[in-house]
Amino acid sequence: MSAMAVIQMCSGDDPAANLGRASALLREAADQGAALAVLPENFALMSRDAERRRSKHAEQPGSGPWQDFAAEQAQRLGLWIVAGTIPMRSDDPKRPSSACCLFDGAGAMVARYDKVHLFDVSVPGRAESYRESANTTPGRKPVVAETPFGRVGLAVCYDLRFPELFRAMSERGAEVIALPAAFTRATGEAHWHVLLRARAVENLCYMLASAQHGNHPGGRETYGYSMLVEPWGRVAAEQGEGDAVLCHEVNLATLERLRAGFPALDHRRL
């Protein structure tokens, strides 16, 4: 068994302050015995200006202050870290990728997933609309990484609505899926819980959902409710409002027995 943690934050438009808060929460996760911790989407910056967030702070793959921060924290704490999302330079200088990076306990980046599904929506019943694709280049493929505590898949926020991505990770052997997120309050209230539990049940896997919460510069409000969901759909830990670290044991032996006795993944026909 390995303990894994999800971290809930309310990031603002001051990267130094956000990284300071993330550092304290990662230390708390390590102190609780976590082997892996998941930071939320946009952990280093939730700004008023999407273009500033994406382009001004975009980093070269393998080098940059936010990647360095995650690597240093992982090495210092001996903690595997899913570093939420980091804007990463792409072929389009105006549209960096939204990269979810996995660092091992020595500080090496061992996997990178670029967010595939971009949030181009108008929220029903709200004067809220988003066009993430205007400032972000989408990724193209699922990612599952081998770790000492199981095969970990990576997804981000809006990806949660697309079960085919999670099935693709399942076919690659995912046992745990980390989901950094910044769900809006309206969409979170409507769908966050049911979608997380559905993805866990459909794929007989653990879901580690790490969320932004509260009010951010520019008027955006995020839902929070970070949670850890077990493969049978039970919510093992949940945090509504406030910054928090949630830690829970992931038992791969129990998961293996569940999959053997209830082999829904083997019964697929399409």
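Reckoned from all heavy atoms, side chains included, excluding hydrogens, waters and symmetry mates. For clarity, every value in this text was computed on a predicted model and none was experimentally measured.
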Linking I/L/V/M/F/W/Y whenever any side-chain heavy atoms sit under 4.5 Å apart, do Val38 and Val245 land together?
no
Just by distance, do the side chain of Arg95 and the backbone of Thr136 share a donor-acceptor pair under 3.5 Å?
yes
Any chance you could measure Thr187, atom OG1, to Glu128, atom CD, to the nearest 0.5 Å?
7.5 Å
Is there side-chain contact between Asn251 and Tyr206, with at least one heavy-atom pair below 4.5 Å?
yes
Taking all non-hydrogen atoms of both residues into account, name the closest pair between Glu249 and Ala3 and its distance.
OE1-N, 3.5 Å
So do the side chains of Ser2 and Leu36 get within less than 4.5 Å of each other, counting heavy atoms only?
no
How close do Pro263 and Ala260 get, counting heavy atoms only, and between which atoms?
CD-O, 3.9 Å
Under 3.5 Å: donor-acceptor pair, side chain of Glu175, backbone of Leu252
no
Verdict with reasoning, Cys157 to Glu132, per side chain to side chain contact (heavy atoms under 4.5 Å, CB included)
CA-CA 12 Å; Cys157 201; Glu132 190 175 16; over 6 Å; no
For side chain to side chain contact (heavy atoms under 4.5 Å, CB included), just list the numbers for Leu165 and His117, CA-CA rounded to whole Å, side-chain angles, deciding distance to a tenth of an Å, and then say yes or no.
CA-CA 10 Å; Leu165 175 64; His117 302 99; 4.1 Å; yes
Aromatic contact between Tyr225 and Trp192, with the criterion being ring centroids under 6.0 Å apart: yes or no?
no
Below 4.5 Å, heavy atoms only, C-beta onward: do Arg140 and Pro138 meet side chain to side chain?
no
Side chain to side chain, Phe166 and Glu202, heavy atoms closer than 4.5 Å
no
Under 4.5 Å between any side-chain heavy atoms of Asp120 and Arg131, yes or no?
yes
Under 3.5 Å, side chain of Arg151 to main-chain N/O of Gly173, donor-acceptor pair present?
yes
Taken to the nearest 0.5 Å, the spacing of Ile177 CD1 from Leu208 CG works out to 9.5 Å
Using the side-chain contact (heavy atoms from CB on, under 4.5 Å) rule, pick out the option among Asn18, Thr85, Val156, Ile86 that qualifies with Asn42.
Thr85
Examine distances only and state if a side-chain atom of Gln67 and a backbone atom of Ala83 form a donor-acceptor pair shorter than 3.5 Å.
no
Determine, step by step, whether Trp66 and Leu45 satisfy the side chain to side chain contact (heavy atoms under 4.5 Å, CB included) criterion, reporting the C-alpha distance in whole Å, the side-chain angles of both residues, the deciding distance to 0.1 Å, and the verdict.
CA-CA 10 Å; Trp66 298 348; Leu45 183 65; 3.8 Å; yes
Check: Ala182 main-chain N/O paired with Glu41 side-chain donor or acceptor under 3.5 Å:
yes
Does a salt bridge link Glu28 with Arg21, judged by any charged N lying under 4.0 Å from a carboxylate O?
no
Is there a side chain to side chain contact (heavy atoms under 4.5 Å, CB included) between Leu255 and Val176 once you walk through the steps?
CA-CA 10 Å; Leu255 174 60; Val176 177; over 6 Å; no
Roughly how far apart are Leu118 CG and Tyr130 OH, rounded to 0.5 Å?
15.0 Å
Leu25 CG to Phe43 CZ distance, which is reported to the nearest 0.5 Å:
12.0 Å
So, the side chain of His216 versus the backbone of Ser11: is there a donor-acceptor pair under 3.5 Å, distance only?
yes
Atom pair OG (Ser210) and CE (Met227), whose distance is rounded to the nearest 0.5 Å:
11.5 Å
For the NE2 atom of His193 and the OH atom of Tyr223, what is their distance to the nearest 0.5 Å?
4.5 Å
Indicate yes or no: does Arg268 engage Glu171 in a salt bridge with an N to O separation below 4.0 Å.
yes
Which residues share a side chain to side chain donor-acceptor pair (under 3.5 Å) with Arg161, sequence neighbours left out
His191
Of Gln212, Arg220, Glu221, which meets side-chain contact (heavy atoms from CB on, under 4.5 Å) against Thr184?
Arg220
Side chain His248, main chain Met4, donor-acceptor under 3.5 Å
no
Should Leu160 and Val116 be regarded as members of a common hydrophobic cluster, given that ILVMFWY residues are connected when their side-chain heavy atoms come within less than 4.5 Å of each other, either directly or indirectly?
yes
Hey, is the main chain of Arg197 close enough, under 3.5 Å, to the side chain of Arg199 for a donor-acceptor pair?
no
Is Leu196 reachable from Val152 through a run of I, L, V, M, F, W or Y residues, each pair having side-chain heavy atoms under 4.5 Å apart?
yes
Check whether Leu195 and Leu179 end up in the same hydrophobic cluster, where Ile, Leu, Val, Met, Phe, Trp and Tyr are linked by side-chain heavy atoms less than 4.5 Å apart.
yes
Within the 3.5 Å criterion, strictly below it, is a donor on Thr254 or Arg257 matched to an acceptor on the partner's side chain?
yes
What closest approach, in Å, do Ser63 and Glu59 show between heavy atoms, and which atom pair accounts for it?
O-CB, 3.6 Å
Return yes if some donor-acceptor pair links the side-chain N/O of Ser90 with the main-chain N/O of Asp92 below 3.5 Å, else return no.
yes
Side-chain touch Arg112/Cys101, heavy atoms, less than 4.5 angstrom
yes
Should Phe149 and Val6 be counted in the same cluster of Ile, Leu, Val, Met, Phe, Trp and Tyr side chains packed under 4.5 Å apart?
yes
Nearest atoms (heavy-atom pairs only) where Ala174 meets Cys205
O-CB, 4.3 Å
Determine the minimum heavy-atom distance between His213 and Gly242, stating which atoms define it.
NE2-C, 3.2 Å
Smallest separation among heavy atoms of Pro142 and Ala168, with atom names:
CG-CB, 3.9 Å
With heavy-atom distances below 4.5 Å as the criterion, would you say the side chains of Ile7 and Ser226 are in contact?
no
Is the closest side-chain heavy-atom distance between Phe103 and Leu79 below 4.5 Å?
no
Begin with the C-alpha distance, continue with both residues' side-chain angles, and end with the deciding distance and a verdict on side chain to side chain donor-acceptor pair (under 3.5 Å) for Gln8 and Gln239.
CA-CA 8 Å; Gln8 182 159 293; Gln239 175 74 25; 6.0 Å; no
Using modelled atom types and a 3.5 Å cut-off, is there a donor and acceptor pairing between side-chain atoms of Arg259 and backbone atoms of Leu204?
yes
